[in-house]
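Here the structure is a predicted model, which is why all the values come from computation and not from measurement.
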Amino acid sequence: MKEGSQKIHSSDEGYYQMYLEELKEIRPCTDKEREELQNQVLSGNERARKRLIEGHLIFALAAAKDYRDKGLPMSDLVQEANLALTMAASWYKGGDFLSFAREKILSFLQNALKEQQQENEIGEVIAARVNVLQEVSGKMAEELGREATVEELAERMQMTSEEIKDIMKLAADALSALGEGL
């Protein structure tokens, strides 16, 4: 594991542990309290809505734990689950709050994982393009006895000059980010 990613993982774990400690101080809702709060929320009681959310944070955490080690740090999963819980309490119009909240939480978690996977795939495609550009650039430098121009690279790779410039910028940005992480 690279040093930079280890720092991120370490701080993520620290935030998660702090959250777990804070959560110990919050009393979960009982079934009876949930029923009372649901009715009050339907009447527009903001304090009841906040307590309904607070009293179900452990419920959201349990759902987030089911998605651990699937592509997102635990702190991100908890944040998504808590956001979904908050939205569920705002959108609640009656019925079984737990089922409604579970549906929203699972949907938010699944969407977050899907977005992360898409970002990873885009990153892999970009990395592949950067690698191909580097290979072609190196071969052309040998052939020409000098560095190839953007236009020459574009012609060889059957791309536009703008696409080549974009790839070069991405490569430079990645190198810059790596330098900052060291």
Side-chain angles (χ1 to χ4, degrees), residues 1-23 53 57 59-88 90-91 100-182:
M1 184 179 291
K2 291 185 177 140
E3 184 178 318
S5 56
Q6 196 170 21
K7 287 179 188 173
I8 291 169
H9 176 72
S10 175
S11 67
D12 173 66
E13 190 62 31
Y15 290 128
Y16 177 60
Q17 291 305 319
M18 284 185 348
Y19 178 77
L20 293 177
E21 288 300 314
E22 290 176 15
L23 201 55
I53 294 166
L57 289 173
F59 176 76
L61 174 64
K65 284 181 177 179
D66 289 342
Y67 289 86
R68 176 180 245 157
D69 297 326
K70 293 191 178 182
L72 281 174
M74 198 57 202
S75 63
D76 288 357
L77 294 170
V78 168
Q79 186 175 0
E80 285 296 322
N82 288 350
L83 176 60
L85 176 62
T86 301
M87 299 310 294
S90 295
W91 296 332
F100 182 68
R102 175 178 285 122
E103 177 186 321
K104 297 301 170 205
I105 291 168
L106 295 179
S107 174
F108 274 53
L109 290 168
Q110 290 165 358
N111 285 337
L113 288 170
K114 188 179 192 179
E115 286 175 16
Q116 183 63 45
Q117 183 179 6
Q118 288 170 341
E119 286 178 23
N120 290 346
E121 288 169 1
I122 290 169
E124 290 171 10
V125 167
I126 290 170
R129 286 185 177 179
V130 167
N131 288 339
V132 169
L133 178 61
Q134 287 176 333
E135 285 179 31
V136 169
S137 179
K139 287 179 183 175
M140 287 184 76
E142 285 179 21
E143 292 170 8
L144 299 170
R146 61 173 171 77
E147 293 295 319
T149 66
V150 170
E151 291 74 21
E152 291 169 331
L153 287 167
E155 184 178 332
R156 174 75 59 96
M157 293 183 67
Q158 299 178 352
M159 299 174 86
T160 67
S161 294
E162 285 305 311
E163 289 172 320
I164 297 296
K165 288 177 186 175
D166 287 345
I167 294 171
M168 289 176 157
K169 182 176 179 349
L170 289 170
D173 290 348
L175 286 173
S176 174
L178 280 174
E180 291 172 10
L182 299 178

A side-chain contact here means heavy atoms from C-beta on lying under 4.5 Å apart; do [X] and [Y] qualify?
X	Y	value
Ile105	Phe59	yes
Glu121	Val125	no
Gln134	Val130	yes
Leu61	Tyr16	yes
Val150	Met168	yes
Glu142	Lys139	no
Leu85	Phe108	no

Search all heavy atoms of [X] against all heavy atoms of [Y] and return the closest pair with its distance.
X	Y	answer
Ala154	Ser161	CB-N, 3.7 Å
Ala101	Ala88	CA-CB, 3.8 Å
Glu80	Ala112	CG-CB, 3.7 Å

What distance separates [X] [atom1] from [Y] [atom2], expressed to the nearest 0.5 Å?
X	Y	atom1	atom2	result
Leu77	Tyr67	CG	OH	9.5 Å
Arg129	Glu163	CZ	CD	7.0 Å
Lys70	Leu109	NZ	CG	10.0 Å
Tyr19	Met74	OH	CE	9.0 Å
Leu113	Leu72	CG	CG	5.0 Å

### Message
Assess the residue pair Glu135 and Asn131 against the criterion (side chain to side chain donor-acceptor pair (under 3.5 Å)); give the C-alpha distance rounded to whole Å, side-chain angles, the decisive distance to 0.1 Å, and a yes or no.
### Response
CA-CA 6 Å; Glu135 285 179 31; Asn131 288 339; over 6 Å; no
### Message
Per the side-chain hydrogen bond (donor to acceptor under 3.5 Å, both in side chains) rule, what does the pair list look like for residues 143-157, sequence neighbours excluded?
### Response
Glu143-Arg156, Arg146-Glu152, Thr149-Glu152
### Query
Can you check whether Asn82's main-chain N or O pairs, donor with acceptor, with Thr86's side chain at less than 3.5 Å?
yes
### Task
Kindly check if the number of other-residue, nucleotide or ligand heavy atoms within 6.0 Å of CD (Gln79) is above 12?
no
### Task
Assess the side chains of Asn111 and Glu115: does a donor N or O sit below 3.5 Å from an acceptor N or O?
no
